[in-house]
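Presented below is the structure to which this report refers.
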Number of protein chains: 2
Amino acid sequence: MVLLSVLTPVLALILCLVLGFMLVKSRGTDATSTEQNKGATKGDFRPWVDQDLQDDTEIAAEGEDDWVDSREVEDLAHVPYSPPRYPEETMRQRSKDFYTLMNQRRSVRFISPEPVPRQIIDDVILTAGTAPSGAHTEPWTFVVVSDQEMKSQIRNIVEEEEEVNYRQRMGDKWVHDLAKLRTNWIKEYLDVAPYLILIFKQTYGILPNGKKKTHYYNEISVSISCGMLLAALQNVGLVTVTSTPLNCGPQLRLLLKRPANEKLLLLLPVGYPAADATVPDLKRKSLNEIMVHI
Amino acid sequence: MVLLSVLTPVLALILCLVLGFMLVKSRGTDATSTEQNKGATKGDFRPWVDQDLQDDTEIAAEGEDDWVDSREVEDLAHVPYSPPRYPEETMRQRSKDFYTLMNQRRSVRFISPEPVPRQIIDDVILTAGTAPSGAHTEPWTFVVVSDQEMKSQIRNIVEEEEEVNYRQRMGDKWVHDLAKLRTNWIKEYLDVAPYLILIFKQTYGILPNGKKKTHYYNEISVSISCGMLLAALQNVGLVTVTSTPLNCGPQLRLLLKRPANEKLLLLLPVGYPAADATVPDLKRKSLNEIMVHI
């Protein structure tokens with residue numbers, strides 16, 4: 001409330017609208033809301049916030065260890081496996097080239113509206129789908145959005161939630177940094193990029209008998225899959241920025257009509273970089289900083 | 001205890017040795033042990049179990065949203081970014097070829113002891129290090145083990161813990177499936193593969209003033225990085241199996257002398273496939289099963 005006194009009336013109005021929208025939205029949700037509000041540090045007016053952020057499947061002690069060794073999979077016949085073997089010199093060259101290519105990847109927020117062939121997106125998703133997963137559950141759903149109206153709705157949800165996030169967590173910096181922060185919750189790329197890929201993790205599956213089956217390590221599996229997706233995008237010269245839309249998961253899940261076992265993990269806008277794209281001039285850690293050899 | 005009655009004396013002896021080893025080990029640990037034993041469903045003799053499996057940083061509500069937008073990074077100068085642009089036909093071909101290559105990847109447990117050039121491993125780790133991370137924290141440590149004695153110790157720890165896991169969780173199937181299960185906790189590849197890569201997530205960092213700084217989304221970031229590592233291995237014709245050694249994290253962390261902020265996330269044995277390598281004859285989901293287009 002202290003903050004409100006320094007806001008312009010227009011901003012106060014926007015805040016009221018956001019709050020109003022949230023109240024309306026929260027009534028329409030099927031959420032078992034109140035006990036799951038751990039994450040909200042200030043204000044208790046966002047009853048659905050964080051409902052989808054909980055994922056304690058990873059800490060269960062009964063997960064599969066070796067990911068091909070699930071009881072489902074171990075009953076399968078084994079077949080010989082002999083992938084291509086490269087001469088050592090070729091290996092060295094391929095290894096160096098791949099690193100060089102991947103090292104050019106950057107998270108890019110300035111994405112061109114230029115259309116991207118749909119086949120490329122299909123291939124990239126297929127590539128992501130080759131990732132290993134705990135007990136071969138393949139616990140991922142890739143929602144590819146190219147519809148302009150849907151992209152706008154997603155942008156609205158993310159920006160409204162982001163604005164609240166920034167206000168809440170940066171309360172004490174608010175007065176000084178308003179202009180700067182504003183650039184942080186405005187996500188133009190969300191309706192400019194030709195594609196948005198929303199990556200959902202399936203926290204459990206439904207067995208033929210109707211029972212739920214926990215997908216162990218689903219978050220790790222889906223994140224690994226995202227790593228392969230990023231490699232595939234980089235390989236064709238497309239860009240993205242890996243984002244984890246804070247607290248928007250439940251709303252986006254409802255908007256995209258995904259079932260309750262799916263939780264939004266990552267949102268990636270995908271396209272060609274804008275002609276005037278820039279990236280922060282950051283460095284990566286050196287090999288010695290990330291690797292220990294024993 | 002019911003189980004013991006059906007075990008052969010030899011197996012009972014092994015069990016006693018395992019228990020004894022655990023008791024000895026647990027005294028040598030600096031663990032704050034007892035309250036963190038959530039995961040163990042039977043038996044309370046593994047005080048350090050799961051101490052490292054807890055990671056609630058992902059459910060905090062204050063993580064960064066857009067991963068390049070951290071407050072550290074936003075103060076950096078921006079520089080133009082113009083990655084190579086491929087003609088559409090080239091893109092299509094590259095995209096198809098990359099999918100074909102990645103689709104040949106399988107989790108392989110039969111790894112040849114044949115040496116692998118060290119430069120390849122360096123390149124693969126460097127490639128993993130190009131992954132994006134929350135607030136550009138790069139919260140990963142790749143411990144590469146080629147020392148034979150260390151590999152044997154790792155194998156011992158993993159197999160001992162695995163045996164307990166299998167006994168505890170599969171109690172009712174024990175009598176019938178002993179022979180079959182046994183193949184599950186024996187992990188020959190752990191001291192046969194020329195390299196083991198143990199991937200640690202850094203759950204927090206230490207600021208210059210000595211304070212801890214939570215690494216938001218560290219598990220997602222490190223898993224994405226692992227996805228890029230898998231792609232890099234596949235690109236040079238090496239194989240691995242993605243494993244999450246259940247409950248071994250704390251022991252392996254101590255063995256490898258990693259600091260307390262690092263938790264073991266994944267363990268990957270790396271090498272050429274054995275000449276007689278086989279894989280389960282499993283299928284992947286189709287594009288329609290993993291993708292929704294809107």
Side-chain angles (χ1 to χ4, degrees), chain A residues 39 53 59 61-62 65-69 73 76-79 81 83 85-86 91 94-95 98-99 102-104 107 120 123 125-127 129-130 132 138 142-145 147 150 169 184 220 223-224 226-228 231-232 235-237 242-243 246 277-281 285 290-294, chain B residues 39 53 59 61-62 65-69 73 76-79 81 83 85-86 91 94-95 98-99 102-104 107 120 123 125-127 129-130 132 138 142-145 147 150 169 184 220 223-224 226-228 231-232 235-237 242-243 246 277-281 285 290-294:
Chain A
L53 294 181
I59 61 173
E62 298 201 23
D65 161 49
D66 181 314
W67 287 10
V68 262
D69 262 344
V73 174
L76 289 172
H78 270 243
V79 291
Y81 181 69
R85 167 97 183 225
Y86 306 105
M91 273 180 88
R94 288 179 69 90
S95 146
F98 192 70
Y99 166 56
M102 290 300 136
N103 198 30
Q104 288 167 12
S107 293
I120 306 286
D123 285 345
I125 304 283
L126 278 168
T127 304
T130 68
E138 301 170 281
F142 299 90
V143 180
V144 174
V145 179
D147 178 74
M150 187 59 88
R169 55 194 256 238
N184 275 343
I220 298 176
S223 302
I224 288 175
C226 174
M228 305 196 73
N235 177 62
V236 293
T242 313
S243 78
L246 212 53
T278 59
V279 293
D281 190 19
K285 289 180 180 170
I290 65 173
M291 188 179 80
V292 176
H293 183 233
I294 297 175
Chain B
L53 293 181
I59 61 173
E62 296 200 25
D65 160 48
D66 180 314
W67 287 9
V68 261
D69 263 344
V73 174
L76 289 173
H78 269 243
V79 291
Y81 181 69
R85 167 95 181 229
Y86 306 105
M91 273 180 88
R94 289 179 68 90
S95 142
F98 192 70
Y99 166 56
M102 290 301 136
N103 197 30
Q104 289 167 10
S107 292
I120 306 287
D123 285 345
I125 304 284
L126 278 168
T127 305
T130 68
E138 302 170 279
F142 300 90
V143 180
V144 174
V145 179
D147 179 73
M150 187 60 89
R169 55 195 256 239
N184 276 343
I220 299 176
S223 301
I224 289 175
C226 175
M228 304 194 73
N235 176 63
V236 293
T242 312
S243 79
L246 214 51
T278 59
V279 294
D281 191 17
K285 289 180 180 172
I290 64 173
M291 187 179 79
V292 176
H293 182 232
I294 297 175

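Chain A is the first sequence line, chain B the second, and so forth, proteins listed ahead of strands; every chain is numbered from 1. In this text the structure is predicted, and so the values were computed from the model without any measurement.
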Quiz prompt | Residue part contacting chain A, namely of Met150(B), when any heavy atom lies under 4.5 Å | solution = side chain
Practice problem: Please state whether the side chain, the backbone, both or neither of Arg94(B) comes within less than 4.5 Å of a heavy atom of chain A. | Solution: both
Is there side-chain contact between [X] and [Y], with at least one heavy-atom pair below 4.5 Å?
X	Y	answer
Val292(B)	Val144(A)	no
Phe142(B)	Ile125(B)	yes
His78(A)	Pro280(B)	yes
Phe98(A)	Asn235(B)	yes

Quiz item: In terms of heavy-atom pairs under 4.5 Å, which option from Ala231(A), Ala277(A), Ser95(A) contacts chain B the most?
Solution: Ser95(A)
Quiz prompt | Leading residue by heavy atom contact count with chain B [cutoff under 4.5 Å; candidates Asp281(A), Asp123(A), Asn103(A), Val279(A)] | solution = Val279(A)
Quiz item: With chain A, which of Thr127(B), Ile290(B), Ile120(B) has the greatest number of heavy-atom pairs at distances under 4.5 Å?
Solution: Ile290(B)
Exercise. Name the option with the most non-hydrogen atom pairs under 4.5 Å to chain A; the candidates are Met228(B), Met102(B), Glu138(B).
Key: Glu138(B)
Quiz item: What heavy-atom pair brings Thr130(A) and Tyr99(B) nearest, and what distance separates the two atoms?
Solution: CG2-CE1, 3.9 Å
